[in-house]
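Below: the structure, in structure tokens.
Counting starts at 1 for both ligands and their atoms, following the listed order. All of these numbers come straight from a predicted model, not from anything done at the bench.
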Amino acid sequence: MRAVAVFPGARVLRLVDHPEPADPIGTEVKLRMLDVGVCGTDREIAQFEYGTPPLGSPYLVLGHESLARVIEVGPEVRNIAKNDLVVTTVRRPCPHSDCRACSIGRQDFCFSGDFTERGIKQRHGFMTDLVVDEERYMQVVPESLRDVGVLIEPLTIAEKALRQVWNVQERLPWRAPASSLGDGQGLNALVLGAGPVGLLGCLALLVRGFDTYMYSSGPADAEKARWVESVGAQYLSSRTLTPAQVGEQIGNIDLIYEAAGVASLSFEMLEVLGINGVFVFTGVPAQTGPVPIHSSQLMRAIVLKNQLVFGTVNAAPSAFQEAIADLTQFEQRWPGPLRQLITGRYPPDQIEDLLIKPSFGIKRVVRFAES
Ligand code: BGC
Ligand code: ZN
């Protein structure tokens with residue numbers, strides 16, 4: 001069967017003939033892959049800067065943002081049936097019994113670093129025709145999300161981040177213990193970066209009631225700016241507003257959700273974080289040389305304003321469930337704008353265009369099957 005493979009040793013990216021998986025046994029489920037999204041991580045792997053093939057394999061099958069159709073289930077599968085639409089999680093636990101995170105199924109917090117990730121680290125991914133995996137790593141997706149379900153995995157980044165924000169903001173004495181979705185009413189959130197993770201994060205903040213702003217480098221009349229305004233957030237262009245002016249315009253910034261992956265911009269924006277505010281990093285920047293920052297100013301502000309800065313990676317099954325619930329809401333509230341996030345579906349043999357040539361659009365997807 002077809003698979004998009006990266007050979008880091010030979011520095012080659014190509015479509016290969018990959019062995020078909022065996023029929024599912026026990027609690028395994030066999031999937032026909034429909035859509036697989038392409039993200040910055042995939043492009044880095046395709047440029048041999050990241051990613052590791054499984055032990056003994058010369059290549060890694062790419063792809064971690066998936067939507068698939070169940071074609072067969074093992075005899076012990078209980079909650080998934082043939083013809084269901086499913087999304088599969090990315091990270092698998094490390095083998096160490098003393099890893100407190102992995103031993104409770106929270107490998108997104110793995111301590112040892114020996115976790116694996118489908119399509120990224122020592123485990124083949126989803127850019128292929130058929131996949132077999134365990135039921136416990138899958139979530140059923142409603143049929144109404146067939147068109148946009150490939151956005152679930154990138155949305156889980158925001159889901160985990162916002163869950164953590166509510167958890168840490170329980171430190172504020174007047175906040176009730178986190179309600180199921182949290183309540184952003186009366187709070188200001190600023191999103192950095194207008195890629196898929198930023199734009200989906202924008203929607204997640206809006207449904208929670210935040211006054212939501214996007215700060216990005218495109219001009220205020222660009223397509224993405226119009227998209228941001230069409231869903232009810234405000235677009236601020238770094239071409240016309242400095243970080244300080246952004247701070248003045250918004251007022252107290254309660255949350256900065258970073259999804260740009262640019263270190264210099266992030267630390268500049270940390271300077272405008274508000275009182276009792278939280279700054280969440282989700283982007284993985286390219287490794288560059290040192291960048292000057294106003295370290296004493298930042299430290300003073302973090303202390304004198306009770307601020308908190310944290311990073312977040314990957315996502316638990318609960319974040320996938322929350323992403324499915326949120327995407328269902330987005331679909332009802334913004335059906336047009338949501339579909340506009342997917343800017344192209346390509347056959348697997350156009351993989352060079354997607355992974356090597358300059359990137360454009362928002363979320364581009366490899367389509368393996370229609371239904
Ligand atoms: C994926 C995560 C993964 C991270 C680091 C991201 O692109 O969405 O699942 O943990 O890369 O490998
Ligand atoms: Zn990704």
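Among Lys160, Arg163, Arg91, Arg92, the one residue that satisfies the salt bridge (charged side-chain N to carboxylate O under 4.0 Å, His left out) test with Asp108 is Lys160.
Closest approach of Gln307 and Leu273 over heavy atoms only: NE2-O, 2.8 Å.
Residue Tyr346 places its OH atom among more than 12 non-hydrogen atoms of other residues, nucleotides or ligands, all under 6.0 Å distant.
Side-chain rings of Phe279 and Phe281 approach one another, their centers coming within less than 6.0 Å.
Cation-pi contact between Lys121 and Phe115: present, with separation from the ring centre below 6.0 Å and deviation from the ring axis of at most 45°.
Residue contacts with ligand 1, taken as heavy atom pairs separated by less than 4.0 Å, do not involve Lys121 at all. By the criterion of a heavy-atom distance under 4.0 Å, neither the backbone nor the side chain of Val284 is placed next to ligand 1.
Classified by interplanar angle (parallel below 30°, tilted 30° to 60°, perpendicular above 60°), the ring pair Phe7/Tyr59 is tilted.
Distances below 4.0 Å separate heavy atoms of Val313 from the following atoms of ligand 1: 10 (O). The ligand atoms of ligand 1 that sit less than 4.0 angstrom from a heavy atom of Tyr50 are 5 (C), 12 (O). The Glu117 neighbourhood of ligand 1 comprises atoms 3 (C), 5 (C), 10 (O), 12 (O), with distances under 4.0 Å to a heavy atom of that residue. Which parts of ligand 1 touch His64 is read off a 4.0 Å heavy-atom cut-off, strictly below it: atoms 1 (C), 7 (O), 8 (O). Counting the atoms of ligand 1 from 1 in the order shown, those under 4.0 Å from a heavy atom of Arg91 are 10 (O).
In this structure, the side chains of Thr41 and Val284 stay at 4.5 Å or more apart for every pair of heavy atoms.
Annotation: atom 7 (O) of ligand 1 to nearest protein heavy atom, Thr41 OG1, 2.6 Å. Protein heavy atom nearest atom 9 (O) of ligand 1, with residue, atom name and distance: Asn314 ND2, 2.9 Å.
The shortest separation from a heavy atom of Glu153 to ligand 1 is under 4.0 Å, placing the residue in contact.
Residue pairs meeting the salt bridge (charged side-chain N to carboxylate O under 4.0 Å, His left out) criterion with at least one partner in residues 37-63, sequence neighbours excluded, are absent. Within the structure, salt bridge (charged side-chain N to carboxylate O under 4.0 Å, His left out) pairs that include any residue of residues 355-371 comprise Asp35-Arg367, Glu65-Lys363, Asp353-Lys357, Arg367-Glu370 (at least two apart or interchain). Applying the side chain to side chain donor-acceptor pair (under 3.5 Å) test to every pair with at least one member in residues 68-79, sequence neighbours left out, gives these pairs: Arg69-Glu143.
Atom CD of Gln169 and atom CG of Leu187 lie 8.5 Å apart (nearest 0.5 Å).
Counting only distances under 2.8 Å, and ignoring water, the protein N, O or S atoms around the Zn ion (ligand 2) are Cys39 SG, His64 NE2, Glu65 OE2.
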